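Take a look at the structure set out below.
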Protein chains: 4
Amino acid sequence: MTVSRTVELEGHIIDSGSMGACFGAVMDMGGEFEVEEFEVGRHKHEETYCRMRVLADTEEDLRAILHELNQQGAAVADPRDATLEAAPGDGIVPADFYSTTNHPTVVRVDGEWLEVEDVEMDCALVVEREGGETRVHTKVLNAIEEGDIVVTGETGIRVDPPERPRNGGGSFGFMQGGVSSERPSASLIEEIADEMREVNENDGTVLVVCGPAIVHSGGRDALAELVRTGYVDALSAGNGFAVHDLERDLYGTSLGVDTESLEHPRKGHKHHIYTISEIARLGGIEAAVHEGVVDGGVMYECVENDVPYVLAGSIRDDGPLPDTITDSIEAQDAIREQAQEADLVLMLSTLLHSVAVGNCLPSTTKTVCVDINPATVTQLLDRGSAQAIGMVTDIGTFIPMLADELLEP
Amino acid sequence: MTVSRTVELEGHIIDSGSMGACFGAVMDMGGEFEVEEFEVGRHKHEETYCRMRVLADTEEDLRAILHELNQQGAAVADPRDATLEAAPGDGIVPADFYSTTNHPTVVRVDGEWLEVEDVEMDCALVVEREGGETRVHTKVLNAIEEGDIVVTGETGIRVDPPERPRNGGGSFGFMQGGVSSERPSASLIEEIADEMREVNENDGTVLVVCGPAIVHSGGRDALAELVRTGYVDALSAGNGFAVHDLERDLYGTSLGVDTESLEHPRKGHKHHIYTISEIARLGGIEAAVHEGVVDGGVMYECVENDVPYVLAGSIRDDGPLPDTITDSIEAQDAIREQAQEADLVLMLSTLLHSVAVGNCLPSTTKTVCVDINPATVTQLLDRGSAQAIGMVTDIGTFIPMLADELLEP
Amino acid sequence: MTVSRTVELEGHIIDSGSMGACFGAVMDMGGEFEVEEFEVGRHKHEETYCRMRVLADTEEDLRAILHELNQQGAAVADPRDATLEAAPGDGIVPADFYSTTNHPTVVRVDGEWLEVEDVEMDCALVVEREGGETRVHTKVLNAIEEGDIVVTGETGIRVDPPERPRNGGGSFGFMQGGVSSERPSASLIEEIADEMREVNENDGTVLVVCGPAIVHSGGRDALAELVRTGYVDALSAGNGFAVHDLERDLYGTSLGVDTESLEHPRKGHKHHIYTISEIARLGGIEAAVHEGVVDGGVMYECVENDVPYVLAGSIRDDGPLPDTITDSIEAQDAIREQAQEADLVLMLSTLLHSVAVGNCLPSTTKTVCVDINPATVTQLLDRGSAQAIGMVTDIGTFIPMLADELLEP
Amino acid sequence: MTVSRTVELEGHIIDSGSMGACFGAVMDMGGEFEVEEFEVGRHKHEETYCRMRVLADTEEDLRAILHELNQQGAAVADPRDATLEAAPGDGIVPADFYSTTNHPTVVRVDGEWLEVEDVEMDCALVVEREGGETRVHTKVLNAIEEGDIVVTGETGIRVDPPERPRNGGGSFGFMQGGVSSERPSASLIEEIADEMREVNENDGTVLVVCGPAIVHSGGRDALAELVRTGYVDALSAGNGFAVHDLERDLYGTSLGVDTESLEHPRKGHKHHIYTISEIARLGGIEAAVHEGVVDGGVMYECVENDVPYVLAGSIRDDGPLPDTITDSIEAQDAIREQAQEADLVLMLSTLLHSVAVGNCLPSTTKTVCVDINPATVTQLLDRGSAQAIGMVTDIGTFIPMLADELLEP
């Protein structure tokens, strides 16, 4: 930590979340902070004041951090005037121009703090001096004219993000700016693979919660391979998932239809109920595996590799299979045991079963929620894990790519 | 404020959001706080300590506040033992039993703080004394047996919510518990009506951003009435909204088809392009109103009541109408002017136009976002208003109910 | 039926759906048809030919029907030339101009059938005669120039909608044009009310399947009133719905909090588990009603008015209540009995329970599916009722408006 | 075609869609049909009768086809009694048991057609003979008892699917059973790759319509490679897509931040506006490529490989770039030209631009719609292409897997 700068925050910065966001930003971006002075607002109408030194490894890192703090309302202590530069052409701003937020902002010009007019985000700030008066206002990039005096850098600029209303505020919720989470799918999958590898190496337990879409969308073979290679230590699912998995096995080989060819797709609904009937006739999944009738797929690998599974019933089930626990209290007890032992839980394309597992998890267990429906991911993340990854993606491409990450040399 | 209690928090309570959440909870629930001691953690590895007195009007309010603070990790200072009571029957807990969170928790029994075993939310806490040893663990309600010693009330219980990892934490996002916002539709509509009434009484400006679904779903007549009665001061929309509104007028009366009867629904697509052609022939919306060809609907009321409107074009438009601004920079300039003047913005069932308006709004302008798609509401709320109501509802029932609220005697 | 016209269709019109769509359109629009000649294509490569007379009450009705048939590829037999008219100004088309589909089209000019160039939908057709050659091409409305020769009316125009590929076609699904179903919410609610009234008058059975969102979103009081007034004959729900309904009753009155005021929204999660505990203590819902502890709401009205209910358990339940059937096979049996007796089923904001009920319904039972999530409505409609209404709306505004329709004098 | 069977259909089988569905099923499943007799219903109350011979290559194929036809109401002519077999155990049905639909059904027992009682789908049919009376009713699998007489195979069974109501039917839409389209993602991607390869080999034109999510979700590099290798012949997008693509290039290499590492994700919003400013300063994308400032990504490959692109503006754009066409009529004209020339259109994660392109397409152009939002895919498929693939998947995994298919040796 070789470079530093001192910044100040003032206002209702604790309950507005600004103070926490500043501490978080410094840590997330690899910096350090030293609080030099801190006066807490002792009543709801008293403001809080904080002065802290921010440290970073390089000048560039420091600038990135200061940029974030600026958005949260922190201003550099001992301020200097904002730096100004003329626009080199129409519609062209200086390379380091200051891009605005939508919060009220003041800019220091000639030693004086000037309120920015026409607040709007993603604009440049233009300084106009006319008849002894100086004004600062926003201008969209396409309206910039050659010679406009444009604010650059971050010095001499103070942003004033809104604070939680002191007296309720009715139904108008106080919105803290969230960090949007659009992230590259492939990179996220790598990180999830790393996490699974780490749990695996520490003899921890990875619990996978599975929905039937895994089979429909073509993720079944990759999941079976993860079970076989030891990356899955326990499995929680419903009757439907197991039936679909077994159906692929039974009707993919016994009737000679290649299930990947998309041919004869109209016959599927009949196979579903036939599969249930067949497994019931044999006495259950384990028996069907041992008699050689079932010889591949996720449930097969669970039986062959002693990976314990819980199949919980629901009122929409066909059948069910003999293995399915139809009483919901008994099923919850079985799920509870799985949940309490897990170090990492992957919730894959099932809302009902993921909620059931989530209900039994301590907030300290890491969870990964994958679903194509963003509402499902949001609902699962809101349920209380402190460390969670949510990913809105196609389970039929997710599992193969995850298996590639884990199994490719 | 006649009753009070002192509570303590300790840990990385600023960047985890706990401190802010506690201040916020006290204020939201009508209480006051007095910070008695505050030691800020000066570095990222130093913890923060806060002791504050919480005040409320009644003992019941105070308990409700303390319950919230407890969930955030605040513990009552000068603690007493947890209160215990025997379960009166199988599956039956004492009336005031403590219902668990999913966070690590300690309970004070016989002067000692005991770690809760098998952390799980929405359970009871059962104390077991056996051979000189005392344990506290969770138990789901249906497993409670008569005579189980159950923890009641909130005293002697300390919750330890997770803290933001000190060293990044990779892709596992740190989740702060959000307050879920399922709220009764009718009550929210009342509050929005109140807000509109207040802006109206203060000669403020209500800007309504309109999508075509308003017309499809049957909200058009009520919106026209709100324009006519002065509750809408400016309107921002696309070509499609205006065409649908005019089509309803032209083909609802001139061809004798009752648009509410659902009859002949197959002919609609032809009327759309015919409407554009007819308005173009007359020279625009205002001309069509003045010539008496258009004599009802939202656009008609805007013309008749001098409510200014901006119609912005897009590449998916048919036509467009002569009134539509087809250049996106010109359209943005017109929208910018509307946005900067607005005191309250209602964004009704349009993502494109709402984002365009939102881009030009200062964070201090109140906004209401209504859409049947939760993703649209979330996206709009995330864009930066500090005070916002989001409502996932059917615009075809929302606007009539809003008009009823505002216009019924 | 006083006016008529003869039309012809040719091609693979049975498996492409054109023939069926033509018959359907005539009937839906109040007309009649008389098939004069019909040569079925006896092999997959043979085409079918149909000549039929279409009858309607008025010339206007007939034109509307012919317009629909034209879109499906039917052409008026004994054709005349297309009617042509010069455009009266730039960007202005003649009032009765022909608006194009996106299908290949031929137009009869001077006795000859000409292929339309640059096929595109929602355009005008412009005829150009140049050096002895005549061409017909599409032109978007804003490109029309004064004097352009534009096709009007529907005579002399033949549309050729695509046919199902004879040899599979791989994954490219054959798309039959669907009728989009955007319809005014208020009008649909009226029709549902009419249907309920009719079932009620014929001593039929209305089964309502209820999700917890009914309570969250404020539809509970209106539903309770519909139970009380006899419009609901049976109720199917999960543990969650009943608990939320009872919680509103218990904590809305006994603790003095007005549940409609949006105050203290943070305490809800605790009341949920307290409600379960309290009803368990009393021995069940019926006992709680009889002891006067529960004195309002949906479950209360069911008990008081002898409306039978089935509460089916699931693995995500808290509790559950003593009334909840926790075994999924037993629960299915109870649901099956309800389903087989129903004449009209309203599925309100629950996927799990609606699927369970739908699994047991004959295809002849009328169903209404209401949900704010379009995917839920689609999934339920796809499950096999022959007569169904799907409505994407807010249950919190839907039920109050439905109750208004049924109960207002 | 070595095996055949004659089937009959009767009723309003044209407008109900049954006749077309039967013809379609035979062709989709590789069979042939020969219509032996066809009596069309000449008025809306007259029924249609069809007798046809169905041919297939193998007995197994024929049975699969007959199974489909049976679901549509076709019955084998010259019927024999249903085959019956005793259940071998409790909850166990004979291997070839008939699994029911939810339509009214009759079964031929002892030469008599008996109506099935308690119609419900996915059940077995059980025959009971008692005191000279014979009944057939449904039974769920788990209720089957040893010795129950169960119907097997498909002979002697006639299904009666519902017909379109003759007199409207009000708002209750007539539902034709749709074939659900859950298909394995990887297999579909293979077929799309085959289609692209074929267009490529025939010197056809593949037009790709691109949304910004391609860049966010990590599909950019693979798309750039497809442009470079000649699989993309034209590109249509908005200002946002181009800016995101360029931003990745500019700030991924010039500032030394590895864009795939997920580090410093908070700075993105500033780079966006900086990118616009930088490209504007250089005079546009082509200039930026030629000056070597932009040296990778989708837009770079378009410039380097002479792949023409259209960037259409919208009111939500920042900037825009100098290359963006801001007037929507001009932009539509440019899009129209692209659309008319395309042989295959890939619509990737953008609703606005896909609708704009779709508006200009003839119904004969093949289209592929990919989006993570099912509503977007549905809306695009409904707009009128006759041959279309819709795929609900993650664009960030879709494009890499598509590129692998096309480019891997």
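Bear in mind that the values here come from a model prediction, so they are computed numbers and not experimental data. Chain A is the first sequence line, chain B the second, and so forth, proteins listed ahead of strands; every chain is numbered from 1.
- Both the backbone and the side chain of C/Asp96 come within contact range of chain B, judged by heavy atoms closer than 4.5 Å.
- To the nearest 0.5 angstrom, B/His216 atom NE2 is 11.5 Å from C/Ser185 atom OG.
- Highest contact tally toward chain B, considering only C/Ser277, C/Pro322, C/Gly396, C/Ala280, is held by C/Ser277 [criterion: heavy-atom pairs under 4.5 Å].
- Counting heavy-atom pairs closer than 4.5 Å to chain B, the top residue among C/Gly89, C/Gly91, C/Gly319 is C/Gly319.
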* Quick one: do C/Leu141 and B/Ile273 satisfy side-chain contact (heavy atoms from CB on, under 4.5 Å)? Show the steps, please. => CA-CA 9 Å; C/Leu141 264 57; B/Ile273 198 85; 3.9 Å; yes
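- For the set B/Arg281, B/Met391, B/Met401, the count of heavy-atom pairs under 4.5 angstrom toward chain C peaks at B/Arg281.
- Under a 3.5 Å cut-off, the side chain of B/Tyr274 and the backbone N or O of C/Ser99 do not form any donor-acceptor pair.
- Proximity to chain B (any heavy atom under 4.5 Å) is shown, for C/Phe398, by neither the backbone nor the side chain.
- In terms of heavy-atom pairs under 4.5 Å with chain B, the best-connected choice from C/Val140, C/Ile144, C/Val392 is C/Val392.
- With hydrogens and angles disregarded, no donor-acceptor distance shorter than 3.5 Å links the side chain of B/Asp394 to the backbone of C/Asp394.
- Here the straight-line distance linking atom CD1 of C/Ile92 with atom CD of B/Glu278 works out to 10.0 Å at 0.5 Å rounding.
- With a threshold of 4.5 angstrom between heavy atoms, C/Asn142 approaches chain B through its backbone and through its side chain.
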